[in-house]
> 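First, the structure itself, so that you have it in front of you.
Predicted, not measured: the structure shown is a model, and the values here were computed from it. Along the sequence shown, residues are numbered consecutively beginning with 1.
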Amino acid sequence: MSRPGNPAVRLLAARSLRAHRKAWAAVFAAVAVTTALLGALALALGSTGLGHARVERYAAAPVVVAGDQEVRRTATPWGGEPTTETAGLTERVRIPEAAVAVLRAVPGVREAVPDDTFVVRDGGAGSAGAATRAYTGRSWEAARLAPYRLTDGREPRSAGEAVVGAGLGAAVGDTVAGRRIVGVAEGPAALYVTAGEARRLAGHPGAVDAVGVLAEPGVPVDALHARVRAALDAAGLKDTAAGQPLRALTGNGRGGVEHLGAPPARTELLQLLAAVSGTLVLVAVLVLASLVAQALQQRAAERELLLSVGATPRQVRGAAGREVARVAGAAALLGALASVPAFLALWSALRARTGVVPEGLELPTPPWLFAAVLVVAALVVGITRLVVLFAARRPGRAGKGGARRVAGLVLLALGAGSAGTAALQGGDAAAAAAGAATVTLVAGCALLGPWIARAATTVLDRPFRWFGGAPGRLTAAGAAAHSRRLGAALVPVVLVTSFAVVQLSAGATMERAAAAQARAATTADLAFSGTTAERVRELPGVEAATDVLRSTVVLARTEAGTPRLDRLPVLGVDAEGLAGTLDPGVVAGDLAGLAAAGTVAVGADTAESLEVGPGSTVELRLGDGTPKRLRVVAVYERSLALGEFLLPKGELAPHMSDPYPARVLAAGPAGSAPVAPEAVTLPGAELNGIVSGGIVAAIGGLTVLSVLSTLALIGAGRRGELGLLRQVGASAGQLRRMLGLEAGFLTATGLLVGLVVGALPLTAFAWALTGGLPYLPPAQAGAIAGVVLVTVVAGVFGPSRATLRR
């Protein structure tokens, strides 16, 4: 049964929609773009959530037994339930070789094949800037787990023989890494040796990387998995790192054993997309609320007239809601369709960049996933419809905005508090607090827009009247009479300015500080790759040399009762070779203490947060999950370049999948060529940089569109005002100068307020992480100002061209 008044509501909505088509065009564009961006992000989140490591080497093994490649920490937040945090490990967690015999005795197991993956190098001393050729090595018996079969030749029978994968491009009779090639097999580039030679080259007797389990014919995977799990539990076997129970993996879970970097990269990408999605939702709410409210506010007189002739407030609100829903529904559908090619373009660009997506990370896109864009479209329509409840009030009951002013001041106070919190934090916590401060401050400015505009016009009133002539007086009078309209125009300018400043300056500040620290820390005269410090020290003129090993550690802590696991890049070095090669900037203690086992040097920020110093101990999980309690021997300041921890090479190497130096730094004769600065990077940093850069550019485009749409909407609503000014004697030139002054006012005020809004959290963020002030390259600052100026001028003059010509 229809409610009374519905026919009237439908009639009002239909008539109003036809009468205000041009005004709704700005809302239509904003809703379409917002839906397209949110839809693309939803698809990216869904694809990443379904992502997994590709199964290749273990495709023929229904069950793979391996170590647990995750670290877990459980804690109870204040007043909450216990929560568990996990972090992926980037180094191989190995399992005892005794597991092979246990698995071979399981009923239904045809064969249990141990597998080790190692690196085979050509050898040689290497040279500056030139790397020795390296090959992935495995035992030939593990090739049956794929299975990879011979296409030419025979299997290896002695230590000097090998089979190559077809991807290597070698042939029978060739010599690779000092071994004669006796066969060519299917599959990617790899070097297969005998089982005995594989155990020797792997270098960890008594342990293996994994065990592939082959089933007897007719044994279901579920039954085999259950038997394997029961046998492992009964044997009580633990991994060789943290002593965790062994894992029996099936399906896509087997891929994580092959591609160690894929699961952590997937988790980090998922967190990045979720954080950016949250920011985009908040920006979208601000943009849509401002546009819809402005579109309805311009028709306040029309709504008042309807109320005076008998329409009820409910009918007026219902008509406005139906009108908005029609516009938003059509726009959201268009945006949902556009989100699909946008998402596919992003994923194609990532796959096209070699090395950006970690090897083996699969990001599937099943057909049913694309239904998510319809959910996003409904969400955006719901947001725009909700705005009507607050914007379509009776003008006479709007009051003086006391509640709005109080809410705006509260948000500004909360934003300032978040910025202060960022100054006291470090790392991700500082970045999160600074981001929250930015959004809160912008929201506060959005609520206080009319008062900010009124304050600015008060300051500029006399200059406009004294030096602007008739156009200046018109500008001052219009600004004083329409502060709410001016505030609505100011909010998107502040939004685009603060967002661009924060996003560009945060990255530039970190990069600049890290680059400066890296240049100061790298004092070496020579750099080598594909060799070791031991060999480099034998070269003429070399006075000191240190190996540089790169790995990660996991730092576990609890904040406010919430568990936190940080995976951080670290360096392994030779203490005796640091003089003249690497200067971390020690502020306490002595790096010579790294010559002893069980020691560590800690970055100053981390040392302060952990409240440790020389003589204290710190507990870390090394790259393979092994817990270590290490004694702090030094605290250094150049942690942005070198990472938060420096460990002795001998402490780090046994827990790395490939314990070979990534680089050798040496002190040599004066006049040597400059050495590239030493710096650490997190795994997956390039992937995160590309994704976040693309999404930030899209959000920046949305905010620019919001400026243009809001100004176009305001301009469309003031055509009558401009026409009246023409009729009472104002010339077209005077009106153009008036609009030019308005555009200049909006640009200058918006840039100033946006800069202040962005500078507060940025300064706190930069001080917390670099100890200095934020930095924005002049070219980027000029680009921000130029984009804002061009957008404002286009938005102010565009809708008024026809009126000025008449």
Side-chain angles (χ1 to χ4, degrees), residues 53-61 92 113-203 209-210 212 254-255 257-262 348 350-362 528-532 657-663 683 686:
R54 185 169 56 248
V55 181
E56 296 175 322
R57 301 199 314 259
Y58 300 128
R92 177 75 62 185
V113 182
D115 185 27
D116 284 305
T117 303
F118 45 89
V119 179
V120 180
R121 292 179 169 84
D122 278 335
S127 59
T132 300
R133 187 76 182 273
Y135 307 91
T136 299
R138 297 178 70 201
S139 69
W140 173 242
E141 67 174 347
R144 72 186 75 172
L145 297 175
Y148 297 137
R149 299 179 178 86
L150 285 171
T151 59
D152 190 18
R154 59 173 176 83
E155 63 183 28
R157 296 169 184 166
S158 65
E161 297 179 343
V163 170
V164 294
L168 197 61
V172 174
D174 293 346
T175 300
V176 176
R179 290 168 175 79
R180 184 167 60 90
I181 303 304
V182 296
V184 178
E186 303 167 334
L191 198 65
Y192 299 96
V193 297
T194 63
E197 183 70 356
R199 285 193 294 271
R200 184 185 71 82
L201 293 174
D209 287 358
R254 298 169 295 170
V257 184
E258 300 184 34
H259 308 287
L260 298 182
S348 297
L350 287 179
R351 292 189 177 101
R353 292 284 297 272
T354 304
V356 173
V357 177
E359 182 184 0
L361 178 59
E362 292 283 346
F528 297 83
S529 59
T531 186
T532 63
S657 301
D658 180 20
Y660 202 79
R663 201 178 186 201
E686 188 177 3

> Short question: side chain of E258, backbone of A53 - any donor-acceptor pair under 3.5 Å?
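Looks like no, no N/O pair under 3.5 Å.
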> How long is the straight-line distance from OG of S139 back to CD of E197, given to the nearest 0.5 Å?
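That separation rounds to 11.5 Å.
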> Mind listing the closest non-hydrogen atom pair of R138 and F118 along with its distance?
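Here R138 and F118 meet closest at N-CZ, 3.7 Å.
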> Between atom CZ of R157 and atom CH2 of W140, what is the distance when rounded to the nearest 0.5 Å?
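So the gap between those two atoms works out to 12.5 Å.
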> Suppose the criterion is salt bridge (Lys or Arg N to Asp or Glu O under 4.0 Å): which pairs have a residue in residues 141-153, not counting sequence neighbours?
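For residues 141-153, and leaving out neighbouring residues, the salt bridge (Lys or Arg N to Asp or Glu O under 4.0 Å) pairs sorted by first residue read E111-R144.
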> List the steps, then state whether side chain to side chain contact (heavy atoms under 4.5 Å, CB included) holds for L191 with I181.
CA-CA 9 Å; L191 198 65; I181 303 304; 4.1 Å; yes
> Taking the side chain from R254 and the backbone from Y58, do they hold a donor-acceptor pair closer than 3.5 Å?
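Judged by distance alone, yes, a pair lies under 3.5 Å.
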> Distance check, rounded to the nearest 0.5 Å: R92 atom CZ versus D658 atom CG?
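Here the interatomic distance stands at 12.0 Å.
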> Rounded to the nearest 0.5 Å, how far apart are CZ of R57 and OG1 of T117?
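That separation rounds to 4.0 Å.
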> Looking at OH of Y192 and OG1 of T136, how far apart are the two atoms once the value is rounded to the nearest 0.5 Å?
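Nearest 0.5 Å value for the OH-OG1 distance: 9.0 Å.
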> Going from CG on L150 to CD on E186, what distance comes out if it is rounded to the nearest 0.5 angstrom?
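Rounded to the nearest 0.5 Å, the CG-CD separation comes to 9.0 Å.
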> Give a yes or no on whether a salt bridge exists between D116 and R199, defined as a side-chain N under 4.0 angstrom from a carboxylate O.
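Looking at R199 together with D116, the answer is no, because their closest N to O distance does not fall below 4.0 Å.
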